[in-house]
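To start, the structure under review is shown below, and the notes come after it.
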Amino acid sequence: MAVRKPPVTTREYWAPGHAACAGCGCATALRLATKAFSEAMEEKYGDPDAFAIAQATGCMEVVSAVFPYTAWKAPWVHVAFENAAAVASGVEAAWKKLGRKGKILAIGGDGGTADIGMQALSGMLERWHNVVYLMYDNEAYMNTGIQRSSSTPYGAWTTTSPPGKYSIGEDKPKKWVALIAAAHQIPYVATASIGNPFDFVRKMKKAAKVDGPAFVQVHCTCPTGWKSPLEKGVEIARLAIETGVWPLFEIENGDFHNIKIQSPGGGAKVKREGGRVVAIEFKKPIEEYLKLQGRFKHLFKQPEAIDQLREQIKAMWKVLGVEVTLPKPEE
Amino acid sequence: MPIRTVMKANEAAAWAAKLAKPKVIAAFPITPSTLVPEKISEFVANGELDAEFIKVESEHSAISACVGASAAGVRTFTATASQGLALMHEILFIAAGMRLPIVIAVGNRALSAPINIWNDWQDTISERDTGWLQFYAENNQEALDLILIAYKVAEDERVLLPAMVGFDAFILTHTVEPVEIPDQELVDEFLGEYEPKHAYLDPKRPITQGTLAFPAHYMEARYKVWEANENARKVIDEVFAEFEKKFGRKYQKIEEYRTDDAEIIFVTMGSLAGTVKEYVDHLREKGIKVGAAKMTVYRPFPIEEVRELAKKAKVLALLEKNVTFSVGGALFQDFSRTLVNEKEKPVIVDFILGLGGRDVTFKDLDEALAIAQKALNGEEFDEVNWIGLRKEIL
Ligand SMILES: Cc1ncc(C[n+]2csc(CCOP(=O)(O)OP(=O)(O)O)c2C)c(N)n1
Ligand code: SF4
């Protein structure tokens, strides 16, 4: 019987035995990311291990590096919540001086990236360090017990955006960090999702292979913070893509006129002009995504809030140069 | 041959960095230390220093990048002052806890508010509990020498702690003085290559650094920092001795001046020590029995040396450019702790002066002397005294 090559290396850098919650989508993202990185290093430098990781404080840090244990099989350093990008800058500079070939992977959650770590990230990208920054976006501060971040979507419940008599939950639209990263005109920016793991691996490999800084924002589920079923992480993430909530795209060298928008699947109709996606008619309503998560439960009592979210999503796509139609669920 | 020249303390610090050959430097400008990274950029631009200079977007990132580089196993350097050091505060603890021998040059400057760019020691004093070693320079030569010494102590396997070297804003940072630049070869012999056995980010030997510690381990990690600080006392003495042998300049944790038959000893740090020595000479001419002592090393606190010093005087008059609210100055706290259980001890009087760049004149020192003499004569005195306050604008 022919042995099929596995779709991604069987080498592990994020070992089993970490303490993430069952069903954690971010743990999946880190495992895939390091595998992809390893493949890229093998292809680029002939050495699958030629990388080191600098990571911000957050869930993925505390679950992987509790002294005297570690889940890491790669050189790994954690310093603080807001400075993964700056630490990675230092590691990269040291490697340069040591003549060590390879690439640095910086990892931060949405809080450590979009909020408190934004300055360090901007500095690192602007200085053109040879670092891939991976933002795992679980859309809240999970490590401290599910507080909102600027990457929390409109309407979502968190412990600091509780719905109430005068509150719909989070009342601001989601901040688009990938676009901010792209504004630095760096070689490579992409959004990805654990709902499309092959695409994520491809993008991580691409990011790892470019010379200079790259930024990847991966949407990953958090059953604890999203109040969603443990086994449905990938399905929920995929629904985010198929309903238009989470766009998948790539931007190279900050060229906003040439954003590569990907087809979302799920029966959506994609209209192209000269190879470029200009319109998407989604078939699945965003409610299909929202209804699987307790954090949006209260919205179903106020359908106008869901409409509001629909408008925000349209506006976000418009920035990407795409007209979208977002259906309402059939009554 | 060493080069004898004149330069500012900022240049001396940059020269020290050049001689120490750090592989990564990350710095952000702040008055009065701005010239340090400027000068280092020149060295790097001219190929005189083979280092990566990361022009970071903030001091927070400067120290973070140093932590990253040091964790990757190379010698690092940065310079800052005041608000910049305060912005690093969080990461200073981390650098010490991770046992990374980073060296910072600090142009000692007051902290806001009100914003003030001039000299006092509040910036470094406020970082005294971070686990960093602290040295204070009296002049530009000391600024250079102490940075080299700081590396040697910091990188010693018995220590492995970061170190900061303070030199007074403007009084030293911007003042030209004679400085001897030591031979590169001698410095190379003195410092050697930094080869860490505990911190490296090497794919061939992957380790995890900067972990989370539960209550079962946190305290032990903190104790190891304590222990390293304790070890540093002996290491500093050894390094001072080696430095003297190699470069001919003698350093002591506490340098005494005319203390032998002194009744009152003024204790201070930094450039103020120079003024106080002059002042002591001036008083000695009048037959007043005073002496001076300069703290070159502030962390680890030189407990034994302070006890020895205390045996020599009836009154210790502490002159400090920093405030620890409700206590007085930080030195007062440290000296009190050091002497509290001694059978025989001098009276300690604390003087807070020269904050935010206010000149410390002989007139101010006369004011301090008068209070110290009250203490000497058994009269009533205030334990904490603000000297040179402009009472008319209070
Ligand atoms: C300066 C600072 N402020 C606050 C914290 C507390 N803190 C640690 S992790 C965290 C949230 C992390 O959120 P995110 O980056 O989204 O990662 P996640 O926990 O979701 O994986 C916070 C607020 C901290 N460690 N440091
Ligand atoms: S709280 Fe969420 S992100 Fe954190 S480990 Fe659990 S599932 Fe993962």
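Please read all numbers here as calculations on a predicted model, not as lab measurements. So you know, we letter chains A, B, ... as the sequences are listed, proteins then strands, and number each from 1.
Between A:P68 and B:H217, the closest heavy-atom pair is CD-CE1, 3.6 Å. Of all non-hydrogen atoms in B:A72 and A:R100, the two that sit nearest each other are O-NH1, 4.3 Å. Closest of all the heavy-atom pairs between B:V24 and A:G90 is CG2-O, 4.5 Å. Here the closest heavy-atom approach between residue A:S89 and residue B:I54 is recorded as O-CD1, 3.6 Å. For the pair A:V79 and B:V67, the tightest heavy-atom approach, listed with the atom from each and the gap, is CG2-CG1, 3.5 Å.
No more than 12 heavy-atom neighbours from other residues, nucleotides or ligands sit within 6.0 angstrom of OH on A:Y69. Within 6.0 Å of the NZ atom in A:K175, the count of heavy atoms belonging to other residues, nucleotides or ligands exceeds 12.
Proximity to chain B (any heavy atom under 4.5 Å) is shown, for A:Q55, by neither the backbone nor the side chain. In this structure, the portion of A:F51 lying under 4.5 Å from any heavy atom of chain B is its backbone and not its side chain. Proximity to chain B is limited to the backbone of A:K73, based on heavy atoms less than 4.5 angstrom apart. Heavy atoms of A:E92 lying under 4.5 Å from chain B are absent altogether. Only the backbone of A:A50 comes within less than 4.5 Å of a heavy atom in chain B; its side chain stays farther off.
The residue among B:A213, B:A69, B:A221 with the most heavy atom pairs within less than 4.5 Å of chain A is B:A69.
Going from atom CD1 of B:I91 over to atom CD of A:E82 covers 5.0 Å, rounded to the nearest 0.5 Å. The structure places CD1 of A:I116 at 7.5 Å from NE2 of B:H60, a figure rounded to the nearest 0.5 Å. Rounded to the nearest 0.5 Å, atoms NZ (A:K97) and OG1 (B:T76) are 14.5 Å apart.
In terms of modelled atom types and a separation under 3.5 Å, the side chain of A:W95 and the main chain of B:L201 share a donor-acceptor contact.
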(request) Please assess B:S58 against A:Q119 for the test side chain to side chain donor-acceptor pair (under 3.5 Å), listing each intermediate value before the final yes or no. (result) CA-CA 9 Å; B:S58 71; A:Q119 174 185 312; 3.1 Å; yes

